[in-house]
Number of protein chains: 2
Amino acid sequence: MHHYVRKGSQVLRKRGYRLTPQRHMILSVIQDAGEHLQVDEIARRVQAHNPNVSLSTIYRTLELLQKLGLIRTAHLPGDQPYYEAVSEDAHHHHLVCRHCHQTIHLDMDLLGSLHEQLQQAYGFHDVTLDLLASGCCPSCQQHFAQESQEHLPH
Amino acid sequence: MHHYVRKGSQVLRKRGYRLTPQRHMILSVIQDAGEHLQVDEIARRVQAHNPNVSLSTIYRTLELLQKLGLIRTAHLPGDQPYYEAVSEDAHHHHLVCRHCHQTIHLDMDLLGSLHEQLQQAYGFHDVTLDLLASGCCPSCQQHFAQESQEHLPH
DNA sequence: GTCGGTGCAAAGCCTTTGCAAAAGC
DNA sequence: GCTTTTGCAAAGGCTTTGCACCGAC
């Protein structure tokens, strides 16, 4: 954890940005989460430590941290975007329930050498792979058992 | 093309929904597009045929068509969601440029048997796989050549 | 002490909702 | 003709922006 916090601070300073308590706090929250967070959850956690941190600052900081490559947006089902820490050893894929949004993390090297194959085949650089597997989780299958595919209008 | 249009109409009727010109038009636009479209682009194309179709109707119809399984949301980079037609023989994955959002469609069976593996391993049903490969496309690599990773603050 | 960063409030934008009129079936 | 669907306008909710004050360096 502190490994990343320190790294994040260094990156900020090296790029000429100021290391404010707010930025430090927001980055720590995301790096310590171990999962993807939405803006409102990030705000909740940050404001638990310092209630004065404004949403504006959170949005502006998320954009900055993303530009610096410290965090990234996870494109998952749902209306609001998710954010997660970028780290060499912790990239992963997602298996998400379409109904309750329960999420299971899948191993990063599930896709083997696809990475390099795509880079070579299309000439893209810095390719990152995000596999989104969406389905109906076991517990939701019960709730939706009857009204599944071939049923009641409206 | 007309194959899907007919199919879509049938599905609507069978499920007890009315087949209005608006719904027909919106579904046709998406099915004929051959790529994923954002709401504003769908509106543009629909309104090119009938300027009176309102955005409300488009939003409501998109939700309906999704519920009926005729279209789906593609979770791609960008603020607004993309929609694309669902068809047995045309599912695909995306290789998107992070900068210009240029998109290349990848073959659906790029991922082999991963599909079944996940269903069995985690007990999820109706699993669909969406691979999102993001990178920097050849043309953007030129523009960003100098100011890439280690540069100018702000 | 400077200049970048923050907080607050207002503005923006996309999306959803309420309701009367229109139109499938 | 009955009930769903539409169009319009208003409301909502998340995100961005303007600006004066604050604070990191």
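This is a predicted model, so every value here is computed, not measured.
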Take the protein atom CZ of A:Arg23 and the nucleotide atom C1' of D:dG23, then report the distance between them rounded to whole Å.
-> 12 Å
Protein-nucleotides 10-13 of chain D N/O pairs closer than 3.5 Å?
none

Give the rounded distance in Å between these two atoms: NE2 of A:His24 and P of C:dT6.
-> 14 Å
For A:Thr57 and A:Gln22, work out which heavy atoms get closest and say how close.
-> CG2-CB, 3.9 Å
Under the ring pair (Phe, Tyr, Trp, His ring centres under 6.0 Å) rule, collect the residues that match up with B:Tyr83, sequence neighbours excluded.
-> none
Taken in chain and number order and not counting sequence neighbours, the residues that satisfy side chain to side chain contact (heavy atoms under 4.5 Å, CB included) with B:Ser56 are B:Ser54, B:Arg60
Side chains of residues 70-81 of chain A: which donor-acceptor partners sit under 3.5 Å, not counting sequence neighbours?
unit_1, atom_1, unit_2, atom_2, d
A:Arg72, NH1, A:Glu84, OE2, 2.9
A:Arg72, NH1, A:Asp130, OD1, 3.4
A:Arg72, NH2, A:Asp130, OD1, 2.8
A:Arg72, NH2, A:Asp130, OD2, 2.8
A:Thr73, OG1, A:Gln66, NE2, 2.3

What heavy-atom pair brings A:Ala133 and B:Val127 nearest, and what distance separates the two atoms?
-> CB-CG1, 4.2 Å
Within this structure, what is the CG-to-C1' distance between B:Leu68 and D:dT5, rounded to whole angstrom?
-> 14 Å
Separation of C:dC14 atom C1' from B:Glu63 atom CD, nearest Å, is 15 Å
For A:Tyr83 and D:dC14, give me the distance from atom OH to atom P, rounded to whole Å.
-> 13 Å
Kindly indicate, with the supporting measurements, whether the criterion side-chain contact (heavy atoms from CB on, under 4.5 Å) is fulfilled by A:Val46 and A:Asn50.
-> CA-CA 6 Å; A:Val46 167; A:Asn50 178 355; 5.7 Å; no
Does some side-chain heavy atom of B:Thr103 sit less than 4.5 Å from a side-chain heavy atom of B:Glu35?
-> no
Candidate pair A:Thr20 and A:Thr61, rule side-chain contact (heavy atoms from CB on, under 4.5 Å), full reasoning = CA-CA 10 Å; A:Thr20 66; A:Thr61 301; over 6 Å; no
Using a cut-off of 4.0 Å between protein heavy atoms and nucleotide atoms, how would you tag nucleotides 19-25 of chain C 5' to 3' with B, S and -?
-> ----BBS
Strand-adjacent residues in residues 44-58 of chain B, judged by heavy atoms under 4.0 Å from DNA chain D | B:Asn52, B:Val53, B:Ser54, B:Ser56, B:Thr57
Which atom pair, heavy atoms only, marks the closest approach of B:Leu106 to B:His92?
-> O-CB, 3.2 Å
Validation row, ring centre B:His105 to ring centre B:His36 under 6.0 Å = yes
Whole-Å distance separating the CG atom of B:Leu62 from the P atom of C:dT16 = 9 Å
Taking 4.0 angstrom as the limit, do A:Arg45 and A:Glu41 come out as a salt bridge?
-> yes
Distance, rounded to the nearest Å, where B:Gln38 contributes CD and C:dC14 contributes C1' | 11 Å
To the nearest angstrom, how far is A:Leu64 atom CG from D:dT16 atom P?
-> 14 Å
